[in-house]
Amino acid sequence: MSTELDKGYEPHDVEKRWYEFWQKEGLFAAKDQSEQKAYSIVIPPPNVTGVLHMGHALNNTLQDILCRYRRLKGDNVLWMPGTDHAGIATQNVVERQLASEGTDRHQLGREKFIERVWEWRKDSGGKIIHQLKSMGASCDWDRERFTMDEGLSKAVRKVFVQLYEDGLIYRGNYIINWCPRCHTALADLEVEHEEKDSHLWYVRYPFPDGSSGITIATTRPETMLGDTAVAVNPEDERYQNLPAEEVLLPLLNKRIPIIRDSYVDMSFGTGGLKVTPAHDPNDFEIGKRHNLPSVKAIGDDGKMTAEAGKYEGMDRFECRKAVLKDLEEQGLLVKTEDLKHSVGHCYRCHTVIEPNLSLQWFVKAKPLADKALAAVKDGRTKIIPEMWKNTYYEWLENIRDWCISRQIWWGHQIPAWTCEDCREMIVAMDDPVSCPKCGSTKLLQETDVLDTWFSSALWPFSTMGWPEETRLLKTFYPTSALVTGFDILFFWVARMMMMGLHFMKDVPFRDVYVHALVRDEDGQKMSKSKGNVIDPLLVIDNYGTDAFRFTLAAFAAQGRDVKMSEKRVEGYRHFINKLWNAARFSLMHLEQSCPEIKGELSLPDQWILSRLARVTQSVEKQLDAYYFNDAASGLYQFVWHEFCDWYLEAAKPALYGQSGEEAQESSRAVLWRVLRDSLILLHPFIPFVTEEIWHKLPGTRGSVMRAVYPSGDGETAGIAPDAESEARMETVMGVITGVRNIRGEMNIRPSMSLDARVQSPDEAVRALIEKEKELISDLARLKSLTVETPGEKPPSSATAILDKSLIFVPLEGIIDFEKEAARLEKELVKLEKEISGLSKKLNNEDFLAKAPDDVVAKVKEKHSGLSEKHLKIRSNLEKIQQAKTA
RNA sequence: GGGCGGAUAGCUCAGUUGGGAGAGCAUCGGCCUUACAAGCCGAGGGUCACAGGUUCAAGCCCUGUUCCGCCUACCA
């Protein structure tokens, strides 16, 4: 294989090639059983109807980083992929398809319709899986699951039956959230509330004799057609001695009772409340307390029922207008006020929700929630960042029963049958043939299906083969981590906790890492209607997957939203390219050999190995704690500013053989080592480019995914942080920077070689600079460098100060005295500010007495250092000013 | 109504034990220096939202205020 690299990195064919390679080599595969440490993550299953958006991109990048990192560390990693059947959403998609063909599901029939959905799924469902692959996701694809698969359906059924037998599932008539468009009940969570400008209408319900009556206030006048009472607070003095105990319901001219209930807020409106038990949860409760009949005036299709009299068949919003118009004409509309109130919408189709009385199935949530609550409180499951714990507690502590039945066709049909003869309810694992009570064979299966979230609540164990006792479960349950957005903390995470604890007797995951939302660059939520959506696939096309992934990781700080803009991705593409070119340069010097580090190392060699050891340690620490951004930016800093900017430049003479063969050998060895380790460290973040370079790097075999993860602890790795080399290198870099600074400020072209003199009272420093003379001269572009004890300042020279040393650059004929004076003055001002701050501390007796000794010593040292520096600069400035006037 | 988060350089944000205010981008100046102009070298830029408090010491801890964002709620 050629070791030549192209001048710029071209991601597209590289990505495709390596992804296929990884799959072919089975590098994503988990072992059912292994000596290795187990690490597992189940993917938050995207909707089978879904297309990849920024949220998925972030979510899966983070999971992939964790999984690739753990694999490199030698763990047996299972990343379980799959999709969710998304009952309502999928049914909607196929129904739209039918509509375009001029038919609908009722014409087709249930069985045929389900077939159609499966067909749709085969053809176009699961598109998102391919898109995840283009993100580089290293899921164990051979294990891909779907919530409607046979195995998972069995798990669903088992759970339903057992919960029913445990008394945790019941059926009953309650007010639920009804979506008239999707034609199904929804859980409370599935209703999205939005503040809307609306009105509060005051309507007079006259007494039977037509006299004054009671005026009520309502935001939904159409529901009055289902009113069965008017309520007032028993304490309300305005309604103490009424001439009648009934009023006439306008428009329908029906007598309804006046009831007294303390629920009524006397301060709201007129203190009169219309009661519609069939269309309002509160009214339903009041109705129960007072034995009121429930009248359903709005049907399941959102149109008025026969109970609505002449309004029958009218759409509910049309009816509102008609009712208001009629009331107005009859003089019963007393007044209209503006009112902001929140209106519930269907989270799937955004239709206004209708609270509706209906026979549904519910999960009794409290007993399950208590366990889920305890597991986080006692730390069996950790939520990261911690602030989400409160949100989790808050919800579980106030949980209400969960409506799980949906009046759609696509989903797990509820395994319940009613005997037509004796009305016995049968809930069973196997379809019953006859009624166990009366023996009748006339059994009718419940037509409702279960909420999709019911099946996804089982995901961590149903995907691993439960209810069978599989080896997979034994190896990987509880999973190590769950990575998810906070928007499904309740929908999914809390419910998985409840189900996992109930059925597996253990939490479903050790850690829950909750990441933020991806927003646009102005912090707005991305949405199609706003037109600010950035398509991840387009980003990948334009910048490459690695650049995109690195951007996501670098911005994924805990507890803060990720603001995404293409410009940022572009910035990180530059980083990928930088790495690419560093590799290109390195490979020119590495040729075929895979050298071993031996012999005496140069200072830059020692330094870069120490820095490598540090970044290795810190990346490990950061990833273990889910500080993705810190890990990413630490690597960025190391690769670009330490490896490329300093090490490669410093190592050039040695690499080009200008310092002898031995130096060339050892610098090659160090270069190889640093590049190799960097590739491994970077691989979880940017898998493609690292794999590509890995294969060009001599001395590597197979995939970088099979590499041994480096460690920076010296013991096992041979490299360790080395504070002394770092300090020495810092001094050297300080001298170089000092000269460069003078160059920059004096506008001296880089092509001009300079002389420099360093004066230092410190013998060790003089020796160091003397020893590294060549390196310094090279990087600072000096033609001579003299090292001496402090003495006379060379005439017409610019000065830089490094600790106790002075760096002079003689600029005979070049120096601009004005400029140099200004430069020094600026430096003085800066120093004075710092010194005065430190003096203030040192003059404070309390500080000296109470602060820890090491802090005091540090401040003292700093103060004296800066004071000395100040003195030197001032004397130089004086000389410059003399020279200026001379 | 309840709760949570945020306010730090022009922009986007780090700042995980209270002791140095930092990065990237943008800006300005200089460079085609044999990996990279998608680059290199250098520079400027801050009342850490506001007001108090604790402390020898506060971006960080406490109290209050303002403004943004989000979640939650049976507000007719």
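Excluded from the calculations below are hydrogen atoms, water molecules and symmetry mates; all remaining heavy atoms, backbone and side chain alike, are included. Letters A, B, ... are given to chains in the order of the sequence lines, protein chains preceding strands, and every chain is numbered from 1.
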Taking atom P in both B/C48 and B/G22, compute the distance separating them and give it to the nearest angstrom. 13 Å
What contact category does A/Asp630 fall into here, base, sugar-phosphate, or nothing, at under 4.0 angstrom with non-hydrogen atoms? base
Regarding A/Asp283, tell me which of base, sugar-phosphate or nothing describes its non-hydrogen contacts under 4.0 Å with the strands shown. nothing
Can you figure out which of B/G20, B/A76, B/A38 approaches the side chain of A/Glu10 most closely? B/A38
Could you tell me whether A/Val859 contacts a base, only the sugar-phosphate backbone, or nothing, with contacts defined as non-hydrogen atoms closer than 4.0 Å? nothing
Under 4.0 Å: is that the gap between some side-chain N or O of A/His574 and OP1 or OP2 of B/C36? no
Only one of A/His279, A/His341, A/Glu354 forms a side-chain hydrogen bond (donor to acceptor under 3.5 Å, both in side chains) with A/Arg220, so which one is it? A/Glu354
Verify the distance criterion only: is there a donor paired with an acceptor across the side chains of A/Glu192 and A/Tyr347 at less than 3.5 Å? no
Give one of base, sugar-phosphate or nothing for A/Ser342, where a contact means two heavy atoms less than 4.0 Å apart. base
Sugar-phosphate only, base, or nothing, as touched by A/Phe575 at under 4.0 Å among non-hydrogen atoms: nothing
Nearest to the A/Asn390 side chain among B/A73, B/C4, B/G42, which nucleotide is it? B/C4
N or O in side chain of A/Arg740 less than 4.0 angstrom from B/G42 OP1/OP2: yes
Say you pick atom P in B/G44 and the same atom in B/A38; how far apart are they, in whole Å? 27 Å
Look at the aromatic rings of A/Phe643 and A/Tyr647 and report parallel, tilted or perpendicular, splitting at 30° and 60°. parallel
Is A/Asn844 touching bases, backbone alone, or none of the nucleic acid, heavy atoms closer than 4.0 Å? sugar-phosphate
Of all the choices, B/A35, B/U33, B/C71, which nucleotide is nearest to the side chain of A/Cys644 once you look at every atom? B/A35
If you look at every strand shown and take non-hydrogen atoms under 4.0 Å, does A/Lys826 touch a base, only sugar-phosphate, or nothing? sugar-phosphate
Indicate, with a heavy-atom threshold strictly under 4.0 Å, whether A/His641 touches base, sugar-phosphate, or nothing. sugar-phosphate
Should A/Phe284 and A/Leu292 count as side-chain neighbours, where that means a heavy-atom distance under 4.5 Å? no
With sugar-phosphate meaning primed atoms plus P, OP1 and OP2, does A/Ser633 contact a base, only sugar-phosphate, or nothing at under 4.0 Å between heavy atoms? nothing
Options B/C56, B/A35, B/G42, nucleotide nearest the side-chain atoms of A/Leu648: B/A35
Phosphate-side-chain proximity, A/Lys389 and B/C4, N/O vs OP1/OP2 below 4.0 Å: no
Of all the choices, B/U33, B/G19, B/U16, which nucleotide is nearest to the side chain of A/Tyr627 once you look at every atom? B/U16
Going by atom types only, do A/Asp401 and A/Tyr174 share a side-chain donor-acceptor pair under 3.5 Å? no
Base, sugar-phosphate or nothing for A/Glu397? Non-hydrogen atoms, less than 4.0 Å. nothing
Sticking with atom C1', work out how far B/A7 lies from B/A49, rounded to a whole angstrom. 6 Å
Selected nucleotide, minimal atom distance to A/Glu745 side chain, candidates B/A43, B/A35, B/G30: B/A43
Please state the C1' separation for the pair B/G42 and B/U34 - nearest whole angstrom. 23 Å
Taking atom types as they are modelled, would you say the side chain of A/Glu394 forms a donor-acceptor pair with the base of B/A73 within the 3.5 Å cutoff? no
Regarding the side chain of A/Met588, the nearest nucleotide among B/G5, B/A35, B/C71 is B/A35
Between A/Asn398 and B/A73, does any side-chain N or O lie under 4.0 Å from OP1 or OP2? no
Checking contacts here: which listed nucleotide (B/A35, B/C75, B/C56) is nearest the side-chain heavy atoms of A/Glu195? B/C75
A/Trp640 side-chain N/O to B/C40 phosphate OP1/OP2 under 4.0 Å: yes
What's A/Trp201 touching, base or sugar-phosphate or nothing? Going by heavy atoms closer than 4.0 Å. nothing
Determine the contact category for A/Leu200: base if any of its heavy atoms lies under 4.0 Å from a base atom, sugar-phosphate if only primed atoms, P, OP1 or OP2 are that close, otherwise nothing. sugar-phosphate
d(CG, A/Asp645; P, B/C31) in whole Å: 20 Å
Do we see a donor-acceptor contact under 3.5 Å between the side chains of A/Arg823 and A/Asn741? yes
Nucleotide nearest A/Asp265 (side chain, heavy atoms from C-beta), chosen from B/A73, B/A76, B/C56: B/A76
Residue whose closest nucleotide on RNA chain B lies nearer the 5' end, A/Tyr656 versus A/Val855: A/Val855
Report yes if the distance between the aromatic ring centroids of A/Tyr572 and A/Phe685 is under 6.0 Å, otherwise no. no
Remember a base hit wins even if backbone is also touched, and classify A/Lys830 as base, sugar-phosphate or nothing at under 4.0 Å, heavy atoms. sugar-phosphate
RNA chain B: 5'-proximal contact among A/Tyr636 and A/Phe555 (nearest heavy atom): A/Phe555
Would A/Lys652 count as a cation-pi partner of A/Phe585, with NZ or CZ less than 6.0 Å from the six-membered ring centre and within 45° of the ring normal? yes
Using a heavy-atom cut-off of 4.0 Å across all strands, would you classify A/Glu834 as base, sugar-phosphate, or nothing? nothing
Looking only at B/A76, B/G30, B/G5, the nucleotide nearest the A/Pro750 side chain is B/G30
Under 3.5 Å, is there a donor-acceptor pair between the A/Lys274 and A/Thr223 side chains? yes
Side-chain-base donor-acceptor pair under 3.5 Å for A/Lys578 and B/C36: yes
Parallel, tilted or perpendicular: which one describes the rings of A/Tyr656 and A/His589, with boundaries at 30° and 60°? perpendicular
Given Watson-Crick and G-U pairs under 3.5 Å, RNA chain B in dot-bracket ([ ] crossing, | other strand) is (((((((..((((.....[..)))).(((((.......))))).....(((((..]....))))))))))))....
